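Source: prediction; values computed, not measured.
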There are 2 protein chains.
Amino acid sequence: MLSNLKRPITLKESALNELKEAITLGYFAPGERLVERVLCEQLGVSRTVIRECIRHLESDQLVIAKANVGPTVATLNPEEVSEIYEIRSMLEVSAVRSCALVADETVITDLENYCDLISRSLTSGNIKEALSDTRLFYQSIFIAGGKTVAWDLVERLNSRIGQLRAVTLSSQGRSVAGPKNLLAIVAAIKAHDADTAAQACAEHLAQAKEIALNELDS
Amino acid sequence: MLSNLKRPITLKESALNELKEAITLGYFAPGERLVERVLCEQLGVSRTVIRECIRHLESDQLVIAKANVGPTVATLNPEEVSEIYEIRSMLEVSAVRSCALVADETVITDLENYCDLISRSLTSGNIKEALSDTRLFYQSIFIAGGKTVAWDLVERLNSRIGQLRAVTLSSQGRSVAGPKNLLAIVAAIKAHDADTAAQACAEHLAQAKEIALNELDS
DNA sequence: TATTGTATGATGGTATACAATCTAAAAATA
DNA sequence: TATTTTTAGATTGTATACCATCATACAATA
């Protein structure tokens, strides 16, 4: 009953997921041109499907399409990255606040479990898993806080900085501070202390932003 | 030089614009099904083009596509609308703050001109023109404040509440308060008074939110 | 009445064709 | 040689035809 609106996974969807992952994981270099025919062969689907995927990627701003030339993988400049982290901070802080006010026991145990999973994945070096669990962690916060639109925006913003996120996460994870920050957020939520939770969240994001910006000009 | 990246307007682009306008202006009822073949005839283009348009609208969340059934015009519930206005408020307040800190004479005269245009359009009952000028007003603020990513998000959010915006704008315009609020923002920006500008902006948005929510359950 | 077929229409997907346009190499020119 | 022009190839934009699958409404049956 979770998502009974589009149960059947279409070819276009799975192709889109593959392309998204390929872009965010850096299999395509930023600025690289994406040629329809080549993608058709690589993914084993027709041009129709590829074109629909490209339109989707275009409106997600993962690629930039020029008429009669085709799409290229979007590049990130420091200003954009900086702004993306600032917006994320606003949205996440707001969600954390709302969550702290209404969170019940179920939500809190969920969050604690995710923290645990994230720590474990990070210590074992499984970045991909850590990213996925971090996503679930924040998703729980946003949903609990009733911020579904904001969550959607955050996901879009995150997909645009996908490459950087892997770096920031592993960097934050290597230090002790990263998971500690998340635990601080959960503790404050548990205590229904919105201000403290908001501040912990803001600090975590500011830290991530610094790491991302450093990574970007390297 | 504004958008020299995609000068050639393709069929798909113009069809997409027509569809967007048709949806945001309410020519299609919320929840109504969009049938490919019908759209092909109405717009005089092939299914290929229509399908790409639908994918684009889908990822803009103006339509909701169900696999094997097709797209329907998205409906708005009060929670979504409320959240959209809250997010807009966060983003716009932030942009107004930045703008107030850096705005030069050029920006300010632009803003004053737009205010004038908006007032005139509203008194003459030209809502469409007023919407367009309001867009330019805020765009100037965001660009001046260096918030290009945020501006993009605001435009997406606005397109989702397109029907409501026409109502709120004309409602705010009928009262004297609406244009007065905008003038207050400009005055504060002119004085480089970020706090006052931010507050005026927040009030304006809160007002718009109320009107929109009232309209929604009528 | 409730269930099961069945017909119809829409979508998801493929393949193909062709014109317009871009790109890059080849050729011509200075 | 350096620069411009031409030209051929590659790629996109769009149209069309076709098939399989799914959804829905309706008819037939028990």
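- Here the P atom of nucleotide dT21(D) and the CD1 atom of Ile9(A) are 18 Å apart, to the nearest Å.
- Atom pair Lys66(B):NZ and dG12(C):P shows a separation of 12 Å (rounding to whole Å applied).
- Listed here is the closest heavy atom pair of Arg160(A) and Asp60(A): CG-O, 3.7 Å.
- Using a 4.0 Å cut-off between charged side-chain N and carboxylate O, Glu52(A) and Arg55(A) make no salt bridge.
- In summary, Glu58(B) and Lys66(B) do not engage in a salt bridge, as defined by a charged side-chain N under 4.0 Å from a carboxylate O.
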Practice problem: Would you sort out whether Arg165(B) and Thr134(B) count as a side chain to side chain contact (heavy atoms under 4.5 Å, CB included), showing the intermediate values? | Solution: CA-CA 11 Å; Arg165(B) 285 192 78 217; Thr134(B) 303; 4.2 Å; yes
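- Closest approach of Gln61(A) to Ala74(A), counting heavy atoms only: O-CB, 3.5 Å.
- Following rounding to the nearest Å, Glu52(B) (CD) and dT12(D) (P) show an atom-to-atom distance of 12 Å.
- Using a 4.0 Å cut-off, some side-chain N or O of Arg55(A) falls inside it from OP1 or OP2 of dG13(D).
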Anything under 3.5 Å between a protein N or O and an N or O of nucleotides 14-17 of chain C, put it in a table, one pair a line.
unit_1: dT14(C); atom_1: OP2; unit_2: Ser46(A); atom_2: N; d: 3.1
unit_1: dT14(C); atom_1: OP2; unit_2: Ser46(A); atom_2: OG; d: 2.8

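- Here the shortest heavy-atom pairing between Asn77(B) and Leu216(B) reads C-CD2, 3.7 Å.
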Atom pairs, protein N/O to nucleotides 7-11 of chain D N/O, distance under 3.5 Å:
unit_1: dT11(D); atom_1: OP2; unit_2: Arg37(A); atom_2: NH2; d: 3.1

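- Legend: residues meeting side-chain hydrogen bond (donor to acceptor under 3.5 Å, both in side chains) with Glu36(B), ordered by chain and number and at least two apart, are Arg47(B).
- Rounded to a whole Å, the CD atom of Glu58(A) is 13 Å from the C1' atom of dT12(D).
- A side-chain contact (heavy atoms from CB on, under 4.5 Å) with Leu205(B) holds for exactly one of Glu86(B), Glu210(B), Met90(B), Arg88(B); it is Arg88(B).
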